[in-house]
Amino acid sequence: MYKWTLERIISTNNSNTIEIDYFPSSSENGLIQTLKTEIITKLNSCNVFDFDYIPFEKDYLNITNQKNEDEYLNLIFLEGIWIEEKHLNDLRNPNLDNYKTLEIGDLELQ
């Protein structure tokens, strides 16, 4: 069983600080990595959520294995599509971007 969290950017703080982080933003193996192309394709083709939701620029979706927190997938909505954030802080800066949680739910992958 996996848990997902959907977040929306609400503001960005301006700063001249440059931060570099080379850690992966998504895990490198596990079932979620095997299915990530299918997950992204589904997200980009239809509304998979069971509530009214229209994605906005920089919406952020984290999917995590509840039994193994080292297995996860981070996605961000940019230029009209969901894409994987492969490296931490590659497509967003959580130290400057302020997000609020929109919804949390469970996902079963097979």
Side-chain angles (χ1 to χ4, degrees):
M1 189 61 95
Y2 292 79
K3 178 182 176 180
W4 58 264
T5 303
L6 180 62
E7 299 178 334
R8 176 155 296 156
I9 191 168
I10 54 174
S11 66
T12 299
N13 299 323
N14 294 325
S15 173
N16 293 331
T17 305
I18 297 175
E19 296 183 31
I20 299 174
D21 200 333
Y22 297 104
F23 294 105
S25 181
S26 291
S27 60
E28 296 177 1
N29 50 39
L31 178 62
I32 198 153
Q33 288 302 311
T34 303
L35 297 175
K36 77 178 173 185
T37 301
E38 183 179 332
I39 292 167
I40 293 169
T41 299
K42 186 84 166 180
L43 281 166
N44 285 324
S45 64
C46 63
N47 182 10
V48 297
F49 299 99
D50 61 356
F51 57 93
D52 288 334
Y53 171 69
I54 297 172
F56 284 92
E57 192 74 4
K58 286 195 171 184
D59 277 3
Y60 192 73
L61 179 63
N62 166 267
I63 305 170
T64 305
N65 185 331
Q66 292 182 350
K67 292 182 181 178
N68 178 4
E69 291 182 2
D70 291 332
E71 184 186 352
Y72 54 91
L73 179 64
N74 292 318
L75 304 169
I76 190 166
F77 191 77
L78 292 175
E79 298 180 9
I81 61 170
W82 288 99
I83 59 174
E84 179 182 12
E85 184 182 51
K86 293 182 181 180
H87 300 286
L88 192 61
N89 300 342
D90 188 24
L91 301 172
R92 72 178 190 140
N93 188 336
N95 297 316
L96 297 177
D97 297 339
N98 298 309
Y99 280 79
K100 73 172 182 176
T101 300
L102 295 178
E103 294 284 340
I104 296 173
D106 294 321
L107 172 68
E108 187 173 343
L109 297 178
Q110 299 175 358

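Here the structure is a predicted model, which means the values were calculated and not measured. These values consider heavy atoms only, across backbone and side chains, with no hydrogens, waters or symmetry-generated copies.
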Show the numbers, then the answer: is there a side-chain contact (heavy atoms from CB on, under 4.5 Å) between I83 and I40?
CA-CA 7 Å; I83 59 174; I40 293 169; 6.0 Å; no
Does the pair D106 and Q66 meet the rule for a side-chain hydrogen bond (donor to acceptor under 3.5 Å, both in side chains), with working shown?
CA-CA 9 Å; D106 294 321; Q66 292 182 350; 3.1 Å; yes
Please lay out, stage by stage, how W82 and D59 fare under the test side-chain contact (heavy atoms from CB on, under 4.5 Å).
CA-CA 9 Å; W82 288 99; D59 277 3; 3.9 Å; yes
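Every residue was checked against the side-chain hydrogen bond (donor to acceptor under 3.5 Å, both in side chains) condition with E57, not counting sequence neighbours, and none meets it. Among residues two or more places apart in sequence or in another chain, the side chain to side chain contact (heavy atoms under 4.5 Å, CB included) test is passed with F51 by W4, L6, F49, Y53, E103. I104 is linked by a side chain to side chain contact (heavy atoms under 4.5 Å, CB included) to K3, T5, T101, counting only residues two or more places apart in sequence or in another chain. Looking at residues two or more places apart in sequence or on another chain, you find a side-chain hydrogen bond (donor to acceptor under 3.5 Å, both in side chains) between T12 and D97. Every side-chain hydrogen bond (donor to acceptor under 3.5 Å, both in side chains) that S11 has, sequence neighbours left out, goes to N98. Not a single side-chain hydrogen bond (donor to acceptor under 3.5 Å, both in side chains) links D52 to another residue, sequence neighbours left out. By the side chain to side chain contact (heavy atoms under 4.5 Å, CB included) test, K100 pairs with I10, L102, sequence neighbours left out.
Applying the side-chain hydrogen bond (donor to acceptor under 3.5 Å, both in side chains) rule to pairs touching residues 37-48 yields nothing, sequence neighbours excluded.
For the residue pair I32 and Y2, the shortest heavy atom distance occurs at N-OH, 3.9 Å. Across all non-hydrogen atoms, the minimal contact from L75 to E84 is CD2-CA, 3.6 Å. Annotation for Q33 and L73: closest pair NE2-CD1, 4.0 Å, computed over non-hydrogen atoms.
Rounding to the nearest 0.5 angstrom, the gap separating the CG atom in N74 from the CD atom in E7 is 9.5 Å. L91 contributes atom CG, which lies 5.5 Å from atom CG of L78 (distance to the nearest 0.5 angstrom). In this structure, the separation between CD on E71 and CD1 on I63 is 10.5 Å, given to the nearest 0.5 Å. The CZ atom of F77 sits 14.0 Å away from atom CD1 of I9, with the distance rounded to the nearest 0.5 Å. For the atom pair I81 CD1 and L43 CG, the distance stands at 11.5 Å (nearest 0.5 Å).
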